[in-house]
Amino acid sequence: MENKTHYYFFLMILIGVGILTFFIFYTYLTSLLLALVFSVMFRPFHRFISRIFSKGEESSSLSTFITLAIVALLFITPMLLLGKQIYIESEQLYYGLTDEGSRSTLIHDLNSLSESLSAKLYGVFPAYNFDSFNITTYVQNFLEWAFANLDTIFSGFTKLAFQIFIMLFALYYLLRDGGKFKRDVIALSPLADDYDAKIFSKLRQAIKSVVLGSLFVGVIQGFLTGLGFYIFGVPNPALWGSLAVIAALIPGIGTSLVLVPGILYLFFASTQLHAIGLFLWALLAVGLVDNFLGPMLVNRGIQIHPFLILLAVMGGLAYFGPIGFIAGPLVVALLVALLEIYKSTR
């Protein structure tokens, strides 16, 4: 009886301290999660650098520092610059729509576009009058949501810089001492070591499948969409390219939700040659990424339906904020991994 009392008392203390520790680390949850994802993504690259500078010793501080410097220079810095550009374009578009003169101009342009389209179709479909359809309200509401999330990221430069510093610091130790951390977790886990190894393996596959197979492909498609908009003259290319990243996760439709309006805009507001150019760009550049690169990366990990990933992204953004773009799919991927392990153990 006394041993049970000691055990439960110790368990209560352990749970209480664990909860307090979670709240202490909660502020840095975004940085730690990104560091974990990046450590899985760039582990093969770290092994390559280790073979060059430290004879394959992954725990070498020199090779780890070189890996971290290259990752920060080639990946993190461009992401920050792109995020800043998206923020600027969102701000410009938001304030442009809240200005009455700009809204009136937009309604006039939409009416002219509708009349031009009706005329080109020989009056088969009558022109629609947008005076009664306040489209700017819907766009403005969406931009308010997007602008609020972006403002959370970029409003405090000092806080953002500190979060990036924590992420890089955590990434350094995850790359250098990841194997030791993994062995410590397995040793502390009450599960059998085989189950722990399966969980780590499935979680690694899930990260590769979701981040590389879906999100990374979506990011590439969004970048190519924004680049095409920039080349052929569609306004706010970085903003629409970021929306194409989300649209790329929608099964069967994908980036066409953003590309088709862009092509129509060029067809009626610019030149038909630019519209044809953007159409070919969408077909050859953006489409080929989805058809060839996507299946190649997805098949290397856990199979998760694209619709579930879309729901995970949207739900993650609503619950976790901007980091939910990664956190939501990872939680779903972890659930799928655990269900696969449970099915195999039965």
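Taking hydrophobic clusters as Ile, Leu, Val, Met, Phe, Trp and Tyr residues chained together by side-chain heavy-atom distances below 4.5 Å, Ile19 shares a cluster with Tyr8. Hydrophobic clustering of Ile, Leu, Val, Met, Phe, Trp and Tyr side chains at less than 4.5 Å, counting indirect connections, keeps Leu284 apart from Phe279. A single hydrophobic cluster is not seen to contain both Leu20 and Met12; linkage of ILVMFWY side chains at heavy-atom distances under 4.5 Å, directly or through other members, places them apart. When hydrophobic clusters are built by joining Ile, Leu, Val, Met, Phe, Trp and Tyr residues whose side-chain heavy atoms come closer than 4.5 Å, directly or via intermediates, Leu74 is grouped together with Tyr172. At a threshold of 4.5 Å between side-chain heavy atoms, the hydrophobic network of Ile, Leu, Val, Met, Phe, Trp and Tyr places Leu264 and Leu273 in two separate groups.
Atom CD1 in Ile166 sits 10.5 Å away from atom OG1 in Thr27 (nearest 0.5 Å). Note: Leu36 CG to Ser31 OG = 12.5 Å, rounded to the nearest 0.5 Å. Distance check: Met41 CE to Leu171 CG gives 10.5 Å after rounding to the nearest 0.5 Å. Ile220 contributes atom CD1, which lies 12.5 Å from atom OG1 of Thr255 (distance to the nearest 0.5 angstrom). The distance from atom CG of Leu175 to atom CZ of Arg43, rounded to the nearest 0.5 Å, is 5.5 Å. Here the straight-line distance linking atom NE2 of His46 with atom CD1 of Ile66 works out to 10.5 Å at 0.5 Å rounding.
For the pair Trp240 (side chain) and Pro235 (backbone), a donor-acceptor distance under 3.5 Å is present.
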Q: Check the pair Ile70, Phe45 against side-chain contact (heavy atoms from CB on, under 4.5 Å), reporting the backbone distance first and the verdict last.
A: CA-CA 10 Å; Ile70 295 175; Phe45 180 67; 3.7 Å; yes

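Here the side chains of Phe229 and Val258 are in contact, with some heavy-atom distance below 4.5 Å.
For Ser256 against Pro261, the heavy-atom pair with the smallest separation is O-CD, 3.7 Å. Nearest approach of Pro237 to Gly226, heavy atoms of both residues: CB-O, 3.3 Å. Contact detail for Phe38 and Met167: the closest heavy-atom pair is CE1-SD, 3.7 Å. Contact detail for Ile49 and Ser63: the closest heavy-atom pair is CG2-O, 3.6 Å. Trp281 approaches Leu224 most closely through the heavy-atom pair NE1-O, 2.8 Å. Listed here is the closest heavy atom pair of Leu278 and Val234: CD2-CG2, 4.3 Å.
Open room surrounds CZ on Phe223; 12 or fewer heavy atoms of other groups in view lie less than 6.0 Å from it. For Phe181, the CZ atom is densely surrounded, since the number of other residues' heavy atoms within 6.0 Å is greater than 12.
Taking the six-membered ring where the residue is Trp, Phe169 and Phe165 present tilted rings, their angle falling between 30° and 60°.
Screening residues 163-181 for salt bridge (charged side-chain N to carboxylate O under 4.0 Å, His left out), with sequence neighbours left out, gives Lys180-Asp184.
The other residues sharing a hydrophobic cluster with Ile13 are Phe9, Val17, where clustering joins ILVMFWY side chains under 4.5 Å apart.
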